[in-house]
Structures are given as C-alpha cells and as structure tokens.
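Below you'll find the structure, written out as structure tokens, and then a few comments.
No experiment lies behind these values; they were computed from the predicted model shown. Each chain gets a letter, A, B and so on, in the order the sequences are listed, and its residues count up from 1.
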Amino acid sequence: MIEDIRIEIKKSLAKAVHEAFQLSKSPDEIPVDIQTKPEFGEFSSNLCIQLLKAAGKKQEEIALEIILRFEKPEFVDSVEAMEAGGVYYLNFFLDFPAFGDKVLREVLSSKDDYGKSDFHKGQKLLLEHSSINPTGPINVGRVRNSLIGDTMAGLARAVGWDVETHFYVDDMGKQVATIAWGIENKISEKYSLTFDERGEPVLEETDGPAENELLSRYEKYADKPDFKVFFTYVPTTKLIEDENLDSEIDELAERCEEGEEESIGRLKKVVEDVLAGQKQTLERLGITFDSFDFESRFVLDGSAQKAIEDLKALPQSLELDTGANAIDLSEFGLERRGGGTVFQRPNGTSVYIVRDVAYHRWKLGQADANLIVLGEDHKVEYKELKTILKLLGDLKDDNLLDVVHFAFVGMKGRRMSTRKGVIVSVDELLDEGIDRAEKEVRSRNEELDDEKVAEIAKQVAIGAIKYHMLKVQTMKQLTFSWEDALDFEGDAAPYVQYAHARASSILRKGGVFEDTSIPENIVFTNESERDLTRLISHFPSIIFTAAAERRPHLLPDYAYKLATQFTEFYHKSPVLGAEEPEVKESRIAMVKATRQTLRNCLSLLGIESPDRM
RNA sequence: GGGCCCAUAGCCUAGCCAGGAUAUGGCGUUUGGCUUCGGACCAAAAGAUCGAGGGUUCGAAUCCCUCUGGGCCCGCCA
C-alpha cells in the first residue's frame with residue numbers, strides 16, 4: 001500500500017518533469033523517500049536540486065513548475081516545497097482519514113499476513129545456516145549464525161519465497177576423528193583436566209577417578225550429549241597437541257575420506273550425539289531445520305570424487321611441488337601463498353573445499369536460489385567457492401548464490417574457544433535468563449499460576465536474548481555481557497512485548513479481544529493516532545528492505561519504534577474512556593492494528609508475544 | 001607483508017551501499033510523574049570536533065585517498 005503510493009508519486013513526478021523540462025526520467029530515477037518526520041509529510045523528494053543542472057533553473061522555479069504539473073495520485077492530499085539548508089524539498093502529505101482508514105483496514109483484514117508480499121511467489125530458496133561444528137554445545141558466538149539465519153528464513157518467507165532450511169553437518173574432519181578417538185580411548189577417564197591461570201587446559205594422567213573441571217562447571221548439563229562430547233574433546237585435543245598424536249587421528253580421518261564405511265560410521269555416531277544435543281538447544285530457541293546434510297554423504301555417493309576430477313580439468317588447476325593438487329584463483333584476486341588453493345593432498349585425500357563444491361552443486365540443483373549465513377572468518381573461502389562454482393559452470397548467475405556474513409561475538413578480554421573450554425553456552429544463558437525473568441514475572445503477576453509464569457518467563461528471556469543479538473548490524477562485532485544480553489529494560493524485547501501485552505490488556509478490558517469486526521468509519525482526532533497509523537503503514541516496506549538487503553536488524557529497530565509510538569498513543573489517547581463512540585471504535589481499531597503489527601514483527605524475529613506478562 | 005570488516009556522547013547503537021532538512025535511539029547520570037486503559041513505563045535536562053588528516057561536491061557521518069586503533073583472513077584444519 002505505502003509502496004504503491006510511492007510508485008504512483010514517482011510516476012507522476014516523472015511525468016511532470018517531462019512536461020516541464022522535456023527531460024525523460026524513469027520513475028525509478030526519481031528519488032522519493034518515506035518520511036519519518038511527520039512535519040515533512042509522508043513522503044519527500046530532493047528532486048529539485050537533482051535537476052538543477054539539467055533544467056537550468058533555480059530550485060524554487062523547478063519546484064513551482066513541477067508542483068504545477070503534478071497530478072496527485074490517490075491518497076495524496078498536497079505537495080509543498082520546503083527550503084532547508086539550501087535545498088528545496090518536495091514534501092507530500094496524504095489525505096489522512098482516507099489513507100489511515102485504508103491502512104488499518106488492511107492490517108485488520110490481513111492479520112498474521114500483514115506486511116507480507118508475494119514478490120518471490122513460486123520460487124524456492126535454499127537457506128543454509130548454523131552448520132555448527134560438532135565439537136560441543138552451542139555457544140553464544142555460534143548462535144548468532146542461527147539467529148540471523150532463522151530471521152532471514154522468516155523474512156524470505158514474508159516476501160514470498162518457498163524456503164527450505166539446511167544445516168550442513170561436518171562429520172568427516174579431523175576434529176570429529178579426534179573426538180571419536182578420544183571417546184574410544186576413554187581419555188576423559190585417564191586424564192584429569194584443569195585450567196591454569198591463563199585459562200590454558202592442563203592434563204594430568206591419573207589412575208584413580210579423573211577430575212574434569214569442565215564437568216564440574218557444567219554439572220547441570222552433564223547428561224546432555226553435546227556437553228558430554230565437549231568434556232572429552234577438550235582434553236583430547238590437548239593430549240594430541242602435547243604428545244604429537246596427529247598421525248593416529250590423521251589415519252582415522254583418512255580412512256573416512258577413502259569412504260571406508262566402518263570408520264565413517266564411528267565418526268557419524270559421535271556427530272549424531274553432539275547434534276542431538278545441539279538440536280535440543282536450537283529447539284529451545286524455536287529453531288528447526290528441514291534438512292541436515294551430512295558431509296560424508298558427498299564422499300559416499302562419489303560426488304566429491306567427481307568434483308576432484310572436474311577441478312583437475314580446469315585450466316587454473318596445477319600440481320604443486322609437494323605433489324598436492326591446487327587451483328590458482330589469483331586472476332580473481334584470490335591469491336594463496338603456496339600458489340593456489342589446495343583441493344587434494346599428495347596422499348590423494350581431498351580438502352574440505354572439494355566436499356563444499358560437491359555440496360553446493362547439489363544445493364544449486366535443489367532450488368531457484370541459495371543463501372548461506374557464514375561467519376566473517378569464511379569470507380575468503382566463500383569467494384573461492386563461488387568462483388570455483390562459476391568456473392565449473394554450475395553457477396550461471398551471481399544472484400543464485402548469496403551470503404550473509406556476520407562478525408564474531410567476543411568476550412571481554414579473550415576469544416571464545418571450544419578447544420580451550422572457553423565458552424558461554426546458549427543453554428546456560430537461557431537458563432539464567434529464564435531464572436531472572438521468572439522472578440520478574442512472578443513479582444508482577446501474583447495471580448498467575450506457576451505454569452503460566454514459567455511460560456511467560458521463557459518467552460521474555462528468549463525474546464530478550466534474540467533481540468539483543470539481532471538488533472545490531474550483522475557486521476558489527478559484539479562483546480558478550482550477561483547484563484546486556486539479559487537486560488529487560490529500554491531498547492529490548494520485553495519493552496516491545498510489554499507494549500503488546502498492554503494492547504491486549506486494553507482489548508480484554510474493552511471486551512473486544514475476540515472481536516474481529518472493523519468499524520464502518522475510522523476517524524483521526526489527534527497526532528498520536530496519525531503517527532501510530534503512519535508507522536504501522538511502514539511495516540511492509542521494512543520487511544521488503546530487510547529481506548532484500550539482508551539486514552535483519554531493521555526488524556528490532558522497527559519493533560522498538562512502533563512500541564514507543566504506541567506508548568505515546570497510549571498516554572495521549574484514552575481508548576476505552578473516549579467519549580465519542582466513533583472515536584472509541586477507531587482507537588480500538590488502532591490498538592488492534594498495533595498489536596497485530598507488533599506480533600508480526602516479533603514473530604519474524606522468532607520472538608513470542610505474550611498477552612500478559 | 002597482503003586482503004576484507006568495524007570505528008558515531010562515559011558505555012552500546014541507527015543512519016553509510018543509492019550524499020541533502022536541527023545525527024537515531026537505548027544504558028548510565030540529573031530532575032519530575034502512579035485515586036485515570038499495566039511504572040518492564042512516561043516527561044524533561046545534560047552529554048557528539050560522526051577515529052585523525054586530506055580530497056571530490058553548491059552540500060560529506062555517508063563517496064575517494066592516506067593514516068591510526070580493533071576484529072577477521074591469508075592451513076595440504078573444517
């Protein structure tokens with residue numbers, strides 16, 4: 001609706017410009033912005049200064065000529081030229097009763113679909129995200145990937161894509177072989193694990209019962225399979241490092257690589273354990289996947305081998321002095337020290353990129369377009385992969401494979417590292433958050449039973465955590481802090497949820513919570529009503545931009561603005577106490593529309609909207 | 001050594017890609033506000049040489065160059 005009006009304004013302006021100055025401009029070239037400041041109207045354009053040279057006239061003359069010829073599209077009430085800082089803006093004001101009426105009607109009739117469009121209808125998007133290493137529980141660093149991925153999935157669906165989510169499981173590498181070896185050799189029973197003052201793991205061989213500092217720290221999660229593996233992974237990596245046991249691990253990894261099913265089975269068992277634990281955590285966050293793609297599959301079905309052969313056939317392919325096979329991508333600005341990106345070791349085994357190529361060839365065949373969420377540490381790898389896929393002829397169009405990168409989540413002072421046992425697990429964060437939220441909810445709602453309190457506490461805590469990690473631009477580095485992650489005040493999910501709960505509360509009190517009727521006539525009597533409705537009207541544009549430009553943080557940003565605007569409305573415009581029945585009906589419609597829009601926005605973020613909290 | 005990303009008040013952050021209206025909010029600080037639809041709230045105040053320097057432009061937080069600080073990458077790990 002808002003975009004429709006914008007397009008109409010652009011068309012009309014293009015026409016006016018043509019008539020006035022004989023300049024041909026396509027509507028796309030006409031700048032028209034959605035205004036966030038109501039005093040400048042609903043839309044504005046700096047077209048006059050843009051035309052300065054081409055028209056050869058002063059801005060005020062240009063403005064006059066355009067306004068004179070501008071044919072007002074539906075809902076546009078007036079155009080005004082306003083000068084500021086030497087620029088003449090064209091500001092477009094809408095016929096508010098008509099526009100607002102239409103907006104509210106649209107929200108109330110579209111309900112959960114408000115904001116969505118069918119732009120990509122009939123197209124399938126394969127979205128790979130998370131793909132967390134199977135070395136232990138999900139930490140707050142890795143989970144940024146999942147949260148961005150899940151939100152992008154929602155956004156993609158909201159603009160019409162048929163989305164399929166995938167999780168790539170690394171069940172082949174050295175890391176996994178290390179764990180399998182460690183478990184089979186009962187490392188965590190033979191060695192005590194402690195950490196020195198620098199946080200480095202220290203091992204000590206023992207005959208008696210082994211101590212494990214990680215186990216005592218995470219006693220609560222001792223039975224969770226991903227933690228169990230973590231307890232073994234840390235001492236085993238350390239042992240291998242100390243004792244130079246690489247060859248034993250390499251041998252195991254090599255046998256997997258050769259497709260030996262028994263070895264692959266040994267690794268896969270470990271991986272499935274970790275994955276089961278990770279899935280539990282993801283499910284607590286409400287994140288699920290349509291498919292888990294095991295790396296080993298691409299070895300077993302021969303597609304990795306096929307990829308090696310195809311790579312060797314490329315003109316950029318070469319054999320290095322060491323006997324390894326590599327591909328030289330320097331002509332694409334992707335230089336490697338050794339002279340190329342190695343894809344096959346001298347012993348004939350393949351490097352991860354081969355399986356990545358095989359995997360992506362498969363993925364490209366599954367959907368109309370592909371999107372991946374990857375940490376910034378994989379930027380080069382992604383570029384190489386994409387370049388290779390183009391060289392191989394598997395990627396015909398750049399747009400068919402796209403990526404969202406994100407910066408790392410750090411901890412004050414040191415980097416998170418599973419290998420060193422330095423993590424903040426998502427489970428502990430959730431548990432701590434729910435604990436805090438429960439106290440808060442209980443103190444505010446004495447009448448609620450324990451079960452209801454627990455449910456709301458969960459929604460609040462999970463909301464706060466997700467919102468906190470999603471409200472910042474993906475490329476901005478985050479420093480994790482318990483206080484910030486679990487802050488329930490200010491620009492945080494609970495504030496938005498609270499506005500929603502208040503809206504619900506008004507509807508309950510007014511006895512219209514279940515009522516879906518829309519009043520015959522909607523009236524606007526003050527600015528707070530218009531500002532609120534105007535902001536509601538922006539939601540579809542927000543979704544569209546966030547989805548197209550892969551900027552999920554626009555959603556928390558918008559949710560907070562809308563919640564704030566609702567609070568202002570709440571204080572200035574009594575709903576149930578409104579004297580005129582028409583005003584009361586209209587305001588109820590605004591409350592319903594706000595509640596619906598807040599819900600829809602939070603829902604895209606994977607955040608629930610409790611009706612009381 | 002080379003490449004990519006980030007830098008906005010004491011702290012966190014929007015705006016940057018498509019340059020233009022007094023730079024967006026939050027936390028914290030100070031002051032005030034619950035007999036009126038829920039105080040996880042509201043109103044107000046103070047707080048910014050938009051990392052530094054140069055350039056392009058009528059106009060730069062936004063584009064270009066140089067530099068500084070931080071992160072990431074430059075594995076025959078994945």
Side-chain angles (χ1 to χ4, degrees), chain A residues 31 35-37 39-40 44 46 49-50 52 59 82-89 91 131 133 135 168 170 172-176 253 295 320 322-326 333-338 341-347 349-353 355-356 375-381 383 405-408 410 415 437 440-441 443-445 460 464 468 471-479 481 483-484 487-499 501-510 549 551 553-554 556-557 560-561 564 567-568 570-571 573-578 587 591 612-613:
Chain A
Q35 246 314 330
T36 50
K37 292 178 182 169
E39 65 265 34
F40 301 138
S44 62
N46 60 357
I49 195 154
Q50 307 285 356
L52 208 52
Q59 281 190 71
M82 292 165 88
E83 190 273 340
V87 181
Y88 277 77
Y89 293 91
N91 291 334
S131 304
N133 276 341
T135 51
Y168 186 50
D170 160 28
M172 287 291 298
K174 212 164 163 176
Q175 286 175 324
V176 187
E295 194 174 335
L320 300 177
T322 57
N325 281 289
L334 295 162
E335 276 150 40
R336 287 272 178 167
R337 273 177 181 160
T341 308
V342 172
F343 60 88
Q344 190 178 35
R345 303 183 184 95
N347 66 9
T349 59
S350 71
V351 181
Y352 72 93
I353 190 115
R355 278 153 271 150
D356 252 7
E376 62 174 338
D377 52 336
H378 287 81
K379 273 187 173 179
V380 174
E381 169 204 338
K383 275 189 195 157
H405 285 298
F406 62 93
F408 271 23
R415 194 181 157 173
E440 199 73 19
V441 175
S443 71
R444 289 159 191 275
N445 300 277
V460 169
H468 172 70
K471 75 172 172 178
V472 183
Q473 243 187 32
T474 57
M475 277 317 294
K476 205 125 169 173
Q477 225 185 304
L478 285 178
T479 303
S481 96
E483 303 81 72
D484 293 344
D487 193 355
F488 296 159
E489 281 162 21
D491 184 6
Y495 177 93
V496 181
Q497 291 172 317
Y498 183 67
R502 272 174 154 183
S504 299
S505 175
I506 293 174
L507 299 177
R508 272 197 305 273
K509 286 229 163 88
E549 298 177 10
R551 291 199 288 171
H553 76 277
L554 295 181
D557 193 66
Y560 186 75
K561 276 186 198 147
T564 306
T567 307
E568 189 184 323
Y570 180 93
H571 284 100
S573 310
V575 177
L576 304 176
R587 288 182 180 167
V591 172
R612 58 182 98 221
M613 59 188 276

Counting only side-chain nitrogens and oxygens, does [X] get under 4.0 Å of the OP1 or OP2 atom of [N]?
X	N	answer
K476(A)	A7(B)	yes
Y495(A)	C42(B)	yes
K471(A)	C12(B)	no
H571(A)	C34(B)	no
R551(A)	G15(B)	yes
Q35(A)	A21(B)	no
K37(A)	U24(B)	no

Here the distance between atom P of G71(B) and atom CG of D377(A), to the nearest Å, is 15 Å

Counting side-chain heavy atoms from CB outward, which of [options] is closest to [X]?
X	options	result
R337(A)	C27(B), G38(B), G75(B)	G75(B)
E489(A)	C41(B), G38(B), A14(B)	C41(B)
D557(A)	C77(B), A14(B), G38(B)	A14(B)
R612(A)	A78(B), C73(B), G38(B)	G38(B)
S505(A)	C37(B), A14(B), G39(B)	C37(B)

Mate of A9(B) across any strand shown (Watson-Crick or G-U wobble, both atom pairs under 3.5 Å) is none

Of E549(A) and G323(A), the one whose nearest nucleotide on RNA chain B sits closer to the 5' end is E549(A)

When G333(A) and T341(A) are each assigned the nearest nucleotide of RNA chain B, the 5'-most assignment goes to G333(A)

When you compare G25(B) with U13(B), how far apart are their C1' atoms, in angstrom units rounded to a whole number? 7 Å

What does [X] touch in the nucleic acid at a heavy-atom separation under 4.0 angstrom: a base, only the sugar-phosphate, or nothing?
X	answer
V575(A)	base
T567(A)	sugar-phosphate
P31(A)	nothing
N46(A)	base
A324(A)	base
H553(A)	sugar-phosphate

Under a 3.5 Å distance rule, please check whether E83(A) uses its side chain to pair with a backbone N or O of Q59(A) as donor and acceptor. no

